[in-house]
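Below, chain A is the first sequence line, B the second, and so on; all start at residue 1.
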Amino acid sequence: MTIARRLFIVFVMGAIAAGVAELVDPGGTSTALVILGAAIVAGELLVLRPAERAPLPLSYAVVLVLVRITSPAEFMVTVFAAEMVAYLFRPERSEWDRVWLTAIRLGAAIAAYFVYDAAFDVMRGLDSRAVVLTALAAAGVAEILVDELLQVVRARRLYLSTQGRSADLALITSGMLMSVGYKGIGGQEGIGLWGPLLFSIPLLAAWYSFERLASIRRTYEQTIAALSVVPELAGLVRPGHAQRVADLAVSLGHELHMSHRDVEYLQAAALLHHLGHLCLDDPEVRGRAIEPSEVTDKGAEILRQTEYLRPAGDLLASDTASVGSQILRVASAFDELTAGDPAFNDAAIEALYSGPGYVYDPRVLDALERVCSSDAKVPARV
Amino acid sequence: MQRFDRVTVFCLLLGVAVFGIAAGLFALGPIPDFVPVLVLGAMFVVAENQLADIRSDIGASASAMLSTAAVVVFWKQSPLLGPLLVGLFGGLYWPHIVARDWRKILFNSANFALATLAAALVFGVLAPANLSTPLVLLLLALPTGVAALTVDLALFSIVVRLATGESLPLRTVGATILQSYPFSVLGAYLGLLYLDYGAVLVPLFVVPILVARQTFSSYLALKESQEAAVRTLIGALEAKDPYTAGHAERVAGYAQYIGEELGMPPSRLERLRFAALMHDVGKLVVPNHLLNKKGKLTAEEFAAVRLHEEVSVEILTRIDFLAPVAPSATSEAAEFAPVADDRGQPIEPHIVAVADAFDAMTSTRSYRKALPQQTAFNELRKNSGKQFHPRVVDALIIAIEQRNEQHGAGHEDVVHHADAPEAGTGSAGLGDLLVDAENGSEQKAGR
C-alpha cells in the first residue's frame with residue numbers, strides 16, 4: 001500500500017469519526033480532538049528524513065497544539081488512540097520496529113505535555129504571550145530530545161547533523177504556529193482548526209524537500225551498488241564480494257570512529273574497488289596476470305576523475321596510507337579468505353595478523369576482531 | 001545591441017512608472033509605518049536571495065505569500081503605498097548587486113512593486129470590513145494572488161521577448177497559480193497575525209520556509225554533483241572501447257532532445273536521461289578483445305557479447321528510480337510493434353533505441369566509418385513505424401534540425417580510428433543499424 005493510499009484511508013476514517021463525534025457531542029471539543037488525532041496519524045506517515053538522523057514525524061508539530069487545549073486525560077486518550085491507529089498503518093516491515101517507534105512517539109508526546117505544564121507553572125505571572133511561546137518551545141525541544149534519546153538507545157548510535165537540526169527547527173516552529181493559530185495568544189482569538197491546517201503548508205513544503213533529498217541520495221546509493229555488481233556479473237570476482245567488503249568496511253569505520261562522511265566515501269570505495277578490473281585487458285591478451293594493485297589503481301584513476309568521488313578514489317589508490325585505505329585492504333583481504341563464511345573468520349584473522357607478504361595495520365585488525373566477535377550486528381549501512 | 005537597448009529602455013520606463021506612482025501615492029498619503037515595511041521587505045530580500053537558484057514555481061510561492069501578507073498588513077493603514085514599497089525590496093538580489101547589474105535590479109524591483117500593487121488594488125476592491133474569519137481569507141487570497149502573478153508574468157514575458165525574441169511558455173501558468181494559492185492564504189493569515197501580535201511571530205514563520213528552501217537547494221546541488229559523478233564514471237568505463245567512447249553521453253543528450261520535443265515533464269526527463277546514460281552499462285562485462293574485434297565473431301563469442309543486454313537490465317532493475325524503464329536496455333523491448341493503443345506502455349525504451357541507433361550511425365565504429373547525418377535520418381525514417389516508434393523518430397529529427405546541429409561523417413568530435421572500414425558487419429554496438437555498402441540493404445548488427 002502506498003503512503004498516498006494510507007493517507008487517504010486515514011483522511012476518510014478521520015472524517016467519519018469526526019462526524020460521529022459531532023453527532024454524539026454537538027459543539028463539544030471531542031470533534032476537534034478527533035480531527036487532531038487523525039492529523040497525528042497522518043503526521044506519523046509523513047516523516048522528515050534528514051541525512052544522518054532518525055526520521056522525524058510531522059505529528060510532533062500537532063502534539064504542540066494538543067498540549068495547550070487538553071486536560072491530561074484528554075491528551076492521553078487522544079495521543080494513545082492516534083498512536084494505536086498509526087501502529088496499524090506504519091510502513092515498517094518488522095513488528096519490532098513498529099512497537100519501538102510507537103513507544104518512542106508516545107514517550108516524546110507525554111514529555112511534551114509535562115514540560116509544557118511545568119514551564120507554564122514556573123513562569124506564572126509573566127507576560128502571557130512570552131510565557132505561552134516559551135512553554136511551547138520548551139515542549140517542542142523536550143519532544144525532540146526524548147525522541148533522540150530513545151533512538152540512541154534503540155540504534156546504539158548517536159545521530160548528529162546540521163540537516164537534522166534544521167528539520168527539528170522546522171517542526172518546532174511549525175508546531176508553535178499551529179498552536180498559536182488554533183487558540184490564539186495574549187487575549188487574541190485563534191482560528192481553530194484552520195490554524196493547524198494553514199501552518200501545515202510550510203511544514204509540508206519542508207517535508208517535500210526532504211523527500212526529494214532522500215530520494216536522490218537513495219538513487220545514488222543504488223547506482224553505486226548496481227555498478228558494484230558489474231565485476232561480479234563479468235565473472236571477475238565472487239558474487240557478493242563488493243557488498244560484503246563494503247558492509248565490513250563500514251562497520252570497521254564506525255568501530256574506528258571515522259566521521260559519517262568518511263564512512264560514506266569508504267563505502268563507495270569498497271563497493272567500487274574492483275571496478276578498474278573492467279578496464280584492463282584480459283590476461284590472455286596482455287600475456288601476464290593482473291596484479292591486485294593494478295586493479296585498485298585503475299579504479300582510483302577512474303573515481304578521481306569525478307569531483308564527487310575523488311575522496312573515494314584516494315582511498316583506493318596504492319600511494320595512500322590513510323586509516324580508510326588500511327580498512328579497505330583489510331576488509332578486502334578478509335573477504336578473499338572467508339568468502340563470506342563466518343566459520344573461517346578466526347582463521348582469516350589469524351592469517352592477516354601473521355601477514356605473509358603484506359603487513360596490515362594492527363589497529364584495523366584489532367577492530368576487525370572486535371567487530372567479528374560482537375554478537376550484536378552493527379548496522380552496516382550508513 | 002539593438003535588443004539590449006530595447007530591454008534597457010523598457011526597464012527604465014518601468015522604473016520611471018513605479019517612481020511616478022510612488023511619488024503620487026506619497027503626495028496623496030497616508031504614508032505607511034516604517035517598521036512593517038522594513039520587516040516585510042527584509043523577508044522579501046531573504047526569500048528572493050534564498051530561492052533564486054530554485055525552480056521558478058517555488059520562487060513564485062514565496063513572493064505570492066509575502067505580497068499577500070503586505071497587502072493585508074497595510075490594508076487599513078496605507079493600502080497602496082505600503083505594499084508597493086515592500087515589493088520594491090524584491091529586486092535586491094545579492095549576485096546582481098555584486099555584479100552591478102542595475103538593469104536587472106531595476107526590473108525586478110519595479111516588477112515586484114507593480115505586482116504587489118495590483119494585488120493590493122484587487123484586495124481593496126473585494127475585501128469586506130471584517131477580515132478575521134478564515135473563510136474570507138481563503139476566498140480573497142485567490143484573486144489577490146492571481147492579480148500579483150498576472151502582472152509579474154506579463155512584465156516578465158515582455159522583457160524575455162525583448163531580450164531573446166522568444167515567448168514564455170504559458171502552459172505552466174495554471175499550475176503556478178494552483179501551487180502558490182496555499183501560500184497566498186498563508187500570507188494573508190501572516191498579515192493578520194502581524195497586525196495582532198507585531199513582529200514577534202515573524203521568525204517562527206520564516207524558519208520552516210527557510211528550512212524547506214535550504215533543503216531544496218541542497219537537493220538540487222546534490223543532484224547535480226551526483227549526476228556529474230555518474231556521467232564521469234560511465235564515461236571512464238566506456239573508454240575501454242575507444243570506438244564507443246562518449247556514446248552513452250551522446251545517447252543521453254539525444255534522448256533528452258526527444259523527451260523535450262515530446263513534452264515530458266522534468267522528472268520524467270531526468271529518468272530518461274539517466275536510463276539512456278546507463279543503457280549500455282552491461283557492455284562492461286564483455287571482454288575488450290571481443291568488443292574491438294574486426295570482422296565476424298564466432299557463435300560462442302557472439303553469445304558472450306549478447307549477454308550484455310541481460311546484464312544491463314539486471315543492473316537497471318537494481319535502481320528503483322530506473323526499474324520501470326529497465327527494458328530500455330534490450331533491443332526486443334525497444335522494437336516498435338504497431339498496435340492500436342500503446343498508451344500505458346513506457347515510451348522510454350523506444351526513445352533510447354532511436355537515440356542509440358542515431359548515434360551508432362553517426363559515429364565511427366570499429367566496423368565502419370560514420371555515416372552522414374542525412375543518411376542516418378533517411379534510415380530512421382525508412383524504419384519509422386516498423387523498427388522504430390514513428391513519433392520518436394519525428395521528434396529526434398525535428399529537435400536536431402531545429403537546433404541546426406550536424407552529426408555524423410565529418411562532424412565527429414573525435415575520430416578514433418581513421419582506418420575503420422567504410423562499411424562492415426560489426427559486433428560492438430549492438431542494436432546498431434548498418435548500411436551495407438555493397439547492396440545498400442540495411443540489417444541489424446549482430447543478428
Trainee: Please rank Leu309(A), Thr223(A), Leu169(A) by heavy-atom pairs under 4.5 Å with chain B and give me the top one.
Mentor: Thr223(A)

Trainee: Which bit of Arg310(A) is near chain B, if near means a heavy-atom gap under 4.5 Å: side chain, backbone, both or neither?
Mentor: neither

Trainee: Would you please classify the geometry between the Phe205(B) ring and the Phe199(A) ring as parallel, tilted or perpendicular, with 30° and 60° separating the classes?
Mentor: perpendicular

Trainee: Can you list everything that forms a side-chain hydrogen bond (donor to acceptor under 3.5 Å, both in side chains) with Thr215(B)? Sequence neighbours excluded, please.
Mentor: none

Trainee: If you compare all heavy atoms of Ile216(A) against all heavy atoms of Lys223(B), which two are closest, and at what distance to 0.1 Å?
Mentor: CD1-CG, 3.3 Å

Trainee: Please state whether the side chain, the backbone, both or neither of Leu193(B) comes within less than 4.5 Å of a heavy atom of chain A.
Mentor: side chain

Trainee: Please classify the contact between Val229(A) and chain B as side chain, backbone, both or neither, with a heavy-atom cut-off of under 4.5 Å.
Mentor: side chain

Trainee: For Tyr189(B) and Gly181(A), work out which heavy atoms get closest and say how close.
Mentor: OH-CA, 3.7 Å

Trainee: Hey, do the aromatic rings of Tyr219(B) and Phe210(A) have their centres closer than 6.0 Å?
Mentor: no

Trainee: On a heavy-atom basis, which atom in Ala212(B) and which in Ser209(A) lie closest, and how many Å separate them?
Mentor: O-OG, 3.0 Å

Trainee: Can you confirm whether Thr173(A) sits close enough to Val211(B) that some side-chain heavy atom of one is under 4.5 Å from a side-chain heavy atom of the other?
Mentor: no

Trainee: Run the ring pair (Phe, Tyr, Trp, His ring centres under 6.0 Å) test against His241(A) and tell me which residues pass, sequence neighbours left out.
Mentor: His273(A), His274(A)

Trainee: Examine whether an atom of Leu275(A) lies under 4.5 Å from a heavy atom of chain B, and if so say whether it belongs to the side chain, the backbone or both; otherwise answer neither.
Mentor: both

Trainee: Check each of Glu221(A), Arg218(A), Gln222(A) against Ile319(B) using the side chain to side chain contact (heavy atoms under 4.5 Å, CB included) test, and report the only one that passes.
Mentor: Gln222(A)

Trainee: Among Ile302(A), Thr219(A), Leu204(A), who wins on heavy-atom pairs under 4.5 Å with chain B?
Mentor: Thr219(A)

Trainee: Applying the side chain to side chain contact (heavy atoms under 4.5 Å, CB included) test to Leu177(A), which of Leu186(B), Val207(B), Leu204(B) qualifies?
Mentor: Leu204(B)

Trainee: Quick one: pull up CG in Leu233(A) and CD1 in Ile315(B) and give me the separation to the nearest 0.5 Å.
Mentor: 5.5 Å

Trainee: Between Glu227(B) and chain A, which part of the residue has a heavy atom less than 4.5 Å away: side chain, backbone, both or neither?
Mentor: neither

Trainee: If you count heavy-atom pairs under 4.5 Å with chain A, which of Val281(B), Val311(B), Leu222(B), Leu190(B) comes out on top?
Mentor: Leu222(B)

Trainee: Mind ranking Leu227(A), Leu198(A), Ile172(A) by heavy-atom pairs under 4.5 Å with chain B and telling me who comes out on top?
Mentor: Leu198(A)

